[in-house]
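These notes are about the structure you will find just below.
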Amino acid sequence: MILDIDTKLLKKNAYRVTKQRGITALRIRVPGGDLNIKYLDIIKEIAEKYGNGTVHITTRQGFEIPGISMEKIDEINELISPIIRGLKDEGVQIEDEEGGYPAAGTRNVSACIGNRVCPFANYDTTVLALKIEKLIYPNDYHVKIAVTGCPNDCIKAHMQDIGIIGQVEPIYDPSRCIGCQACVKNCKRRVTGALTFENFKVVRDPNRCIGCGECILKCPTSAWTRDEKYYRIVIMGRTGKKNPRLAQTFIEWADEESVLKIIKNMYDFIDKYIDKTLDKEHVGYIVDREGFKKFKEEVLKDVKLPKKAKVANHIDYTGYRYERNTIYD
Amino acid sequence: MGIELDVKSFDDALKILSKNYKIFAPVRLKGKGAFSDTDLVTYGEISSYKDIELNEKSRYSPKEVIYPITQTLFYFTEDEYKEPEIDDKGIIVFLRPCDANSYLKLDNIFLKNGPYEDNYYKRLRDKVKFFIIECTKGFSTCFCVSTGSNKFLDYDVFVRFDNDKITCDVKNDEFSYAFSGKEVEFIPEFIEKNEIEVKLPDIDKISQNLEYVFNHELWDEYTKRCIACGRCTVSCPTCSCFSMQDIFYKDNPKCGERRRVWASCMVDGFTDVAGGHSYRQKYGERMRFKVMHKIYDYKKRFGTTMCVGCGRCDDVCPEYISFIKIVSKVTDAVDRGESK
């Protein structure tokens, strides 16, 4: 049997080259990790009829169906057309519903469960993940984005090119405060110690407060309540073989509109500065080469940040490199 | 007889009343719930029908209207002091019978608990006019019938909200001028049966078995489960404990104010005394203190159960501790203990 397959197209179509010749695996995107249950039937059917009867849950909250013969790709693409149509109905720009996924470079936007379920979450992460998906997909640039409801960062936004962390500005009504200090003790124990107790009332240090909203959750009298929703943007975190590192804060107290615009602008930045001689280049390495200042200038173009927003003037990454000759005896 | 109003004429009535009264009712504060994208239902000032939240029980009770969380009693400078002024207007409160009854329970504490009336309470309480919201179904954690707080007859105005049809029984003639509408037959109704029925303990039996109840193992569970956050007490319409706070202004510590602020027997610091001692360090002991005050001590002193059965303590407990369940356990223990 002759197998003549353009692996570049295959990969772009969200299939992969596996260790077993002629056998591929399909990745199903699940934006925000939130999937209508009806699509599980399709995944089940493919895994049973074309795959090896198993499904792998990917680190980015998608499904990967292994054990598929490369010859069956067209058939499977037809089978997944309802899933693709589902994305399209949500507003994702996909032209051909029958052709499978049109791109795989920009990865599934993952999200923690968010405020539909979690008490800590400061916003609906599922909705934001989908908004981002609509904005950036399909796209071949290799970009990883994740959104998380609060600074607990359960989705590991710190490991992404762009991580969005929910913030809330807590509003304090001293007349409702009974001085139980539940917020003060909790902030000291579990957060940043931004709250102190003075004259029987609570004082908040805005320079220490990270907008997690724990004070609001702990308050028995609603002396602390919620105001506007904000987002912290952490950037250029990564794993990888070269220089793993956590993402660092780029902007705090950004609004949703700015978040979306910045993400959009980042694609223009990539387009402008990517090393086109390479097969692919992760955005983090482009920023390393071109410098944070240039990145900042490009992505903040036409962005109207709220007054409260704070933008980093420089970033010190604390990642490491594998320089064994200097670190080992 | 009652007067039937549509929304517009009801709003007109509120407008007329608002000249002389501040009007309070349960309101929905959008996005002010502790969890994001949730609302807070609580008591607040209203100016029209649409401001009133009738479909959800308020998290906090209307006691805040007459007994504010933080109340400045007086301001002091080096050689003089002055009490703050209060608003000249009267106070109208739209509330359900259970909450109206809670005002009477607070009256016992602030006005009839010793030789002196509490003037700071009295001067607000005297302004109150009761506008009873007819409540015939209640909510899933209500047990007002069990505590005898399902009725409140000494109202000024009784209001039935039936979608956009509002029927009022204006008992207090002082308010007749504000309500104009069709006269209709109207008999106010009260809830006769809650989903939950709670058997309250016989207080004489408790008195005879005090040690037994005090030391009962049922309290131990709450040492483990309760987190001593105080939500049950701040949402309770009858909890009335406060502490005093003397504030010395930072710029000039020779001036300041004395405040009284709600306190909670569930929260650390409530029993702190000179020398650094404190009592009821175990949360189960605090639970016992609170529960027994609601269903025993208060009744022994004033002849009526303190708890009005609004069920807010059950609604707000983050650890899913049910006061109702505890009361049942006490009743069971007392009944069984007595038969021993």
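Residue numbers begin at 1 in each chain, while the letters A, B, ... track the order of the sequences.
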Greater than 12 external heavy atoms within 6.0 Å of [X]'s [atom1]:
X        : atom1 : answer
B:Lys282 : NZ    : no
B:Glu221 : CD    : yes
B:Lys325 : NZ    : no
B:Glu83  : CD    : yes
B:Phe74  : CZ    : yes
B:Lys89  : NZ    : yes
B:Asn252 : CG    : yes
A:Lys88  : NZ    : yes

- [ ] Sort B:Ile247 into side chain, backbone, both or neither according to what part of it lies under 4.5 angstrom from a heavy atom of chain A.
- [x] both
Task: Residue B:Gln71 versus chain A: region with a heavy atom under 4.5 Å - done: neither
For the atom pair [atom1] ([X]) and [atom2] ([Y]), what is the distance rounded to the nearest 0.5 Å?
X        : Y        : atom1 : atom2 : result
A:Arg176 : B:Glu64  : CZ    : CD    : 4.0 Å
B:Ile69  : A:Asp173 : CD1   : CG    : 7.5 Å
B:Thr70  : A:Phe200 : OG1   : CZ    : 11.5 Å

Open item on the list: Applying a heavy-atom distance below 4.5 Å, give me the residues of residues 29-38 of chain B that approach chain A, sorted by number.
Closed with: B:Gly31, B:Lys32, B:Gly33, B:Ala34, B:Phe35, B:Ser36, B:Asp37
- [ ] Taking heavy atoms only and a threshold strictly under 4.5 Å, list by residue number the residues of residues 255-279 of chain B that touch chain A; give 'none' if the list is empty.
- [x] B:Arg259, B:Val261, B:Trp262, B:Val267, B:Asp268
Among [options], which has the most heavy-atom pairs under 4.5 Å with chain B?
options                      : value
A:Ala182, A:Gly166, A:Cys177 : A:Cys177
A:Gly179, A:Cys219, A:Ser175 : A:Ser175
A:Gly149, A:Pro119, A:Pro174 : A:Pro119

Task: Interface moiety of A:Lys218 toward chain B, non-hydrogen atoms closer than 4.5 Å - done: backbone
TODO: Would you mind checking which part of A:Gln181 comes under 4.5 Å of any heavy atom in chain B, side chain (CB onward), backbone (N, CA, C, O), both or neither?
DONE: neither
Open item on the list: Only heavy atoms, only distances under 4.5 angstrom. Which residues in residues 220-234 of chain A are near chain B?
Closed with: A:Pro220, A:Thr221, A:Ser222, A:Thr225, A:Arg226, A:Lys229
TODO: Write out all pairs satisfying salt bridge (Lys or Arg N to Asp or Glu O under 4.0 Å) with one or both partners inside residues 122-131 of chain A, taking only residues at least two apart or from two chains.
DONE: A:Arg116-A:Asp124, A:Lys131-A:Glu256
